[in-house]
Structures are given as structure tokens and as C-alpha cells.
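Since the structure comes first, as C-alpha cells, the remarks are kept for the end.
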2 protein chains.
Amino acid sequence: MNFLAEIKIMPLKELLDPQGKAVLGGLANLGIKSVEDVRIGKHIQLRIEAESAEEAKAIAEEASKKLLANQVMEDFTISIS
Amino acid sequence: MNFLAEIKIMPLKELLDPQGKAVLGGLANLGIKSVEDVRIGKHIQLRIEAESAEEAKAIAEEASKKLLANQVMEDFTISIS
């Protein structure tokens with residue numbers, strides 16, 4: 001069976017997000033001033049062949065831990081559909 | 001009121017995703033072979049001060065169209081919480 005894993009990878013909350021601060025400044029320059037904070041991460045979609053949703057999730061988790069996410073600075077959440 | 005806008009920005013489906021192909025190769029090298037396709041995009045969180053969820057969504061949409069997404073090559077979806 002074919003599953004789609006959606007992985008959201010964001011910088012850890014306690015870390016400064018310089019990229020986010022830059023975008024925040026850019027939005028203010030465009031006159032969009034009601035945005036108070038910006039945090040930027042990655043959204044990764046994996047198309048996985050597996051026997052069950054549980055197996056697909058385990059594969060997505062392994063891929064995230066081994067390659068997709070830098071767990072020193074990022075956390076990740078996975079949803080399977 | 002304070003709202004959190006979650007914006008998922010992905011490359012258009014018909015476009016080649018070289019970054020995704022590179023990650024797909026990396027996963028195979030790590031022995032993770034049941035992943036058939038990888039697509040990589042951005043996940044952006046905006047903290048917005050607005051009168052209503054609708055107003056927050058309109059602000060997030062404006063920010064996406066003006067700065068966050070390159071609509072020639074990407075599409076975006078917004079959820080407000």
C-alpha cells in the first residue's frame with residue numbers, strides 16, 4: 001500500500017530564528033505590520049510503500065531522525081494519510 | 001486577539017524537485033528504500049494580531065502572495081488556529 005507522510009520540521013522554540021526575523025522585517029516593509037513573529041521550517045512529503053500506516057510512520061520517523069531533521073536544533077512532527 | 005497561521009508552501013506538482021531527488025538518493029544510501037518520492041517545501045508560522053480568524057487568514061494570505069511564496073513555482077495552503 002502507498003502512503004503519504006507529511007513531515008513538519010521547525011527550529012526548536014528556544015532557538016533564535018534569524019531567517020524568521022528577516023522575513024518579519026520584510027513584511028513590515030511591505031506594510032504588513034500585524035504579524036508579530038515569524039518562524040520558518042521545512043515541510044517534507046514522502047511517498048512510502050508499506051504494509052500499514054504504522055509501518056509507514058516508522059519509516060518516516062527513521063528518515064527524519066537519520067537525514068531530514070537536525071535534532072540538535074529542530075523538532076519534527078509526522079502525519080500519515 | 002492573537003492567532004497562529006500555519007502556511008505550507010510546496011513546489012507545484014508538475015515541476016521537477018531536484019532537492020527532493022537528492023534527498024531520495026540520500027535515503028536510499030542509508031538503506032531506506034521504501035520511500036518512492038520526496039518533495040520538499042517550506043513550513044512558515046506567523047503570529048498575527050487580528051480582530052478575527054478571517055482577518056488573520058487574510059493577512060496570512062497577503063503575506064504569502066507578496067513575500068513568502070513564489071507563485072510561479074509554488075502553491076500554498078493556510079490554516080489558522
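Convention: sequence-line order gives letters A, B, ...; per-chain numbering from 1. Scope of the values below: all heavy atoms of this structure, side chains included, with no hydrogens, waters or symmetry mates.
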Next item on the list: Can you tell which part of A:Ile32 gets under 4.5 Å to a heavy atom of chain B, answering side chain, backbone, both or neither?
Entry: side chain
Notebook entry, point to check: Which residues in residues 37-49 of chain B have a heavy atom less than 4.5 Å from any heavy atom of chain A?
Noted result: B:Asp37, B:Val38, B:Arg39, B:Ile40, B:Gly41, B:Lys42, B:His43, B:Ile44, B:Gln45, B:Leu46, B:Arg47, B:Ile48, B:Glu49
Notebook entry, point to check: With a 4.5 angstrom heavy-atom cut-off, which part of B:Ala50 approaches chain A: side chain, backbone, both or neither?
Noted result: neither
Next item on the list: Scan for side chain to side chain donor-acceptor pair (under 3.5 Å) pairs involving residues 65-77 of chain B, sequence neighbours excluded, and state none if there are none.
Entry: B:Glu62-B:Lys66
Next item on the list: Heavy atoms only: give me the nearest B:Leu67-A:Gly26 pair and the separation to one decimal.
Entry: CD2-C, 4.0 Å
Next item on the list: Using a heavy-atom cutoff of under 4.5 Å, enumerate the residues of residues 7-25 of chain A that contact chain B, numbered in order, or state 'none'.
Entry: A:Lys8, A:Met10, A:Val23
Notebook entry, point to check: Got a second to check how far B:Glu51's CD is from B:Phe3's CZ, nearest 0.5 Å?
Noted result: 8.5 Å
Next item on the list: Taking all heavy atoms of B:Ile80 and all of B:Ala56, pick out the closest pair and write down the distance.
Entry: CD1-C, 4.0 Å
Note to self: With salt bridge (Lys or Arg N to Asp or Glu O under 4.0 Å) as the rule and sequence neighbours excluded, what pairs involving residues 23-32 of chain B come up?
What the structure shows: none
Margin query: Within the 4.5 Å heavy-atom criterion, are B:Ile78 and B:Glu6 side-chain neighbours or not?
Written below: no
